[in-house]
Asks: 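Just passing along the structure, written as structure tokens.
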Amino acid sequence: MSNAMPAWTLTENASLKALNTFHVEASAAQLLELHDPSLLPDVLALPQVADAPLLVLGSGSNVLLAGNVEGTVLVFANRSIEILEHRADHTVVRAGAGVSWHGLVMWSLQNGLSGLENLALIPGTAGASPIQNIGAYGVQVDEFIQTVEAWDRETAAWVRLDPEACQFGYRDSVFKQMPERYLITAIELRLPLLHALRLGYAGITEEMQAMGVELPVAADVANAVINIRRRKLPDPDVLGNAGSFFKNPVLPLEQVEVLLQHFPDLPVYPADQDTRRKLSAAWMIEACGWKGYRDGDAGVSPHHALVLVNHGTATGEQLLALARQISASVLEKFGVPIEPEPRLIGAQW
């Protein structure tokens with residue numbers, strides 16, 4: 001009798017509470033866990049799957065479930081990491097969609113590779129990382145992605161997309177723009193053996209000074225980022241959250257200059273174009289008095305105004321209602337619209 005893990009499992013009327021970091025209660029008509037992505041076309045053709053809507057969840061760290069899922073939730077459970085090629089100055093690494101992102105960062109450092117250190121402790125999976133083009137402390141994952149492997153539901157074919165085809169932008173990609181089309185099964189990263197450390201983002205240099213590090217290496221940067229994130233962001237295993245809930249708005253330079261005349265302390269950062277600037281959503285939310293706010297079990301972290309939290313039994317609808325209130329107050333005070341970073345399931349913004 002074989003004890004081999006099944007290639008896939010299908011569970012009806014499955015709870016999704018453990019599959020979202022807000023820990024809100026929601027259910028799916030069926031939950032499909034896929035260990036062997038090569039079978040994806042076959043399981044998608046199953047009658048009970050083919051005739052129902054499909055939602056892919058990684059660790060649920062970038063979604064807000066504002067209702068139950070009528071259809072199939074697909075979870076990729078392929079969690080292998082392998083080295084595809086070694087070159088003189090870089091290594092190409094392949095990670096299955098189900099690999100923990102933070103686990104991948106730490107694996108890369110343990111194997112003498114650099115580049116991902118500023119992205120340590122970001123929750124989620126490797127397969128989800130290109131969708132949002134995850135970024136932190138001056139680094140975005142698109143700098144290192146060489147290929148995204150996916151099943152194209154539109155053409156019913158496997159595809160390998162290079163960075164240009166991925167259409168990466170600030171917290172954006174073709175996968176986010178066309179969420180129904182591509183099912184990401186693996187990513188391939190080109191990681192340098194020697195990499196200029198990014199130390200310019202606020203807090204990293206100071207943190208390493210506090211750690212007593214004088215000549216930092218990539219692992220030191222990762223440890224500094226981990227320390228900072230643990231202080232600023234609540235552990236979702238302890239207090240339900242999805243990290244930063246709102247994107248930092250990017251506005252034309254002329255509009256930013258007018259805002260600075262009225263709010264000279266408003267933090268402003270470079271953006272993707274010289275004619276645009278990125279503003280601190282956290283500063284504006286805090287200026288509107290939301291930091292530490294709580295209504296029932298739905299609230300805002302007292303440590304970081306960008307983070308919405310579930311103190312226990314808040315529903316997705318309650319958290320979404322709070323987010324809308326926050327957004328409306330920022331628009332009223334600053335004339336600046338802010339949008340959610342997590343994907344909303346079961347509701348429109």
Side-chain angles (χ1 to χ4, degrees), residues 4-12 14 16 19-20 28-63 65 69-82 84 92-101 103-104 124-134 141-142 144-169 171-190 342-345:
M5 181 179 294
W8 55 271
T9 58
L10 191 66
T11 306
E12 294 184 356
L16 301 177
L19 289 174
N20 74 97
Q30 48 194 13
L31 174 65
L32 173 61
E33 293 184 87
L34 184 61
H35 296 271
D36 182 355
S38 70
L39 298 177
L40 185 57
D42 298 328
V43 296
L44 291 178
L46 293 170
Q48 62 268 47
V49 177
D51 298 332
L54 185 71
L55 169 67
V56 179
L57 277 183
S59 60
S61 60
N62 202 46
V63 297
L65 297 173
V69 178
E70 297 180 1
T72 302
V73 167
L74 170 62
V75 173
F76 286 105
N78 55 322
R79 301 187 177 97
S80 63
I81 305 172
E82 59 182 312
L84 296 184
V92 178
V93 174
R94 175 184 173 91
V99 170
S100 152
W101 174 258
L104 176 58
T125 58
S129 64
I131 299 173
Q132 193 77 359
N133 190 15
I134 60 172
V141 73
D142 66 330
F144 304 99
I145 286 182
Q146 178 170 284
T147 306
V148 175
E149 180 188 274
W151 175 255
D152 185 343
R153 299 177 72 194
E154 190 173 291
T155 62
W158 290 104
V159 292
R160 288 173 56 81
L161 303 179
D162 63 17
E164 183 178 0
C166 293
Q167 299 178 31
F168 288 121
R171 302 295 182 269
D172 198 19
S173 70
V174 69
F175 312 109
K176 187 173 182 181
Q177 296 160 15
M178 306 175 73
E180 304 302 322
R181 180 169 180 178
Y182 296 104
L183 302 178
I184 298 171
T185 55
I187 62 171
E188 294 172 10
L189 302 169
R190 177 189 169 117
R343 183 180 176 192
L344 305 179
I345 306 298

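Treat the numbers as computed from the prediction; the structure is a model and nothing was measured.
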Asks: Decide if atom CD of Glu70 counts as having more than 12 heavy atoms of other residues, nucleotides or ligands within a radius under 6.0 Å.
Replies: no

Asks: Looking only at heavy atoms, what is the nearest atom pair of Ile134 and Arg171, with distance?
Replies: C-NH1, 4.2 Å

Asks: So how far is it from Phe144 CZ to Ser129 OG, rounded to the nearest 0.5 Å?
Replies: 12.0 Å

Asks: What distance do Lys176 atom NZ and Gln132 atom CD have between them, rounded to the nearest 0.5 Å?
Replies: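 Going from the NZ atom of Lys176 to the CD atom of Gln132 covers 3.5 Å.
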
Asks: Taking all atoms of both residues into account, what is the closest heavy-atom pair of Leu74 and Leu183, and its distance?
Replies: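 Minimum heavy-atom separation between Leu74 and Leu183: CD2-CD1, 4.4 Å.
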
Asks: Looking at Arg160, is its backbone amide N or carbonyl O close enough to the side chain of Thr147 to form a donor-acceptor pair, meaning the two atoms are under 3.5 Å apart?
Replies: no

Asks: Among Leu46, Val75, Leu10, exactly one meets side-chain contact (heavy atoms from CB on, under 4.5 Å) together with Leu32. Which residue is that?
Replies: Leu10

Asks: Between atom CG of Asn78 and atom CG of Asp36, what is the distance when rounded to the nearest 0.5 Å?
Replies: 8.5 Å

Asks: For the pair Trp8 and Asp42, evaluate side chain to side chain contact (heavy atoms under 4.5 Å, CB included) and give the outcome as yes or no after the intermediate values.
Replies: CA-CA 11 Å; Trp8 55 271; Asp42 298 328; over 6 Å; no

Asks: How far apart are the closest heavy atoms of Gln30 and Gln48, and which atoms are they?
Replies: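 Scanning both residues completely, I find the closest heavy atoms to be NE2-O, 2.5 Å.
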
Asks: Rounded to the nearest 0.5 Å, what separation is found between the CZ atom of Phe175 and the CG atom of Leu161?
Replies: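 Rounded to the nearest 0.5 Å, the CZ-CG separation comes to 5.0 Å.
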
Asks: Of the options Ile131, Leu65, Leu55, which is the one that meets Arg343 in a side-chain contact (heavy atoms from CB on, under 4.5 Å)?
Replies: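 That would be Leu55; it is the only one of Ile131, Leu65, Leu55 passing the side-chain contact (heavy atoms from CB on, under 4.5 Å) with Arg343.
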
Asks: Take Val159 and Arg181 through the test side chain to side chain contact (heavy atoms under 4.5 Å, CB included) and record every step on the way to the result.
Replies: CA-CA 11 Å; Val159 292; Arg181 180 169 180 178; over 6 Å; no

Asks: Which atom pair, heavy atoms only, marks the closest approach of Leu39 to Ala7?
Replies: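 Looking at all heavy atoms of both residues, the closest pair is CD1-CB, 3.3 Å.
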
Asks: Go through it in stages, so that I can follow the logic: the residues are Val69 and Ile345, the test is side chain to side chain contact (heavy atoms under 4.5 Å, CB included), and I'd like the CA-CA distance, side-chain angles, deciding distance and then a yes or no.
Replies: CA-CA 8 Å; Val69 178; Ile345 306 298; 4.1 Å; yes

Asks: Considering all heavy atoms of both residues, which atom of Ile184 and which atom of Ala150 are nearest to each other, and what is their separation?
Replies: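 In this case the closest contact between Ile184 and Ala150 is CA-CB, 4.0 Å.
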
Asks: With a 4.5 Å cut-off on side-chain heavy atoms, are Val63 and Pro342 touching?
Replies: no

Asks: Out of curiosity, Ile145 CD1 to Glu188 CD, how far, rounded to the nearest 0.5 Å?
Replies: 10.5 Å

Asks: Hey, does the side chain of Gln146 reach the backbone of Val92 with a donor-acceptor pair shorter than 3.5 angstrom?
Replies: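 Pair absent, no side-chain N/O of Gln146 close to backbone of Val92.
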
Asks: What verdict does the side chain to side chain contact (heavy atoms under 4.5 Å, CB included) test give for Trp158 and Asp152, after you've listed the backbone C-alpha separation in whole Å, the side-chain angles of each residue and the deciding distance to 0.1 Å?
Replies: CA-CA 6 Å; Trp158 290 104; Asp152 185 343; over 6 Å; no

Asks: Would you find a donor on one side and an acceptor on the other, under 3.5 Å apart, between the side chain of Thr72 and the backbone of Leu54?
Replies: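 Between the backbone of Leu54 and the side chain of Thr72 there is no qualifying donor-acceptor contact (under 3.5 Å).
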
Asks: Please find the pair of heavy atoms, one from Phe168 and one from Pro163, that lie closest to each other, and give the distance.
Replies: CD1-O, 3.8 Å

Asks: Atom OG1 in Thr9, atom CG in Leu31: separation rounded to 0.5 Å?
Replies: 6.5 Å

Asks: So, Asp142 side chain and Asn133 main chain: donor-acceptor pair closer than 3.5 Å or not?
Replies: no

Asks: Taking side chain as C-beta onward, heavy atoms only, is Val141 less than 4.5 Å from Ile187?
Replies: no

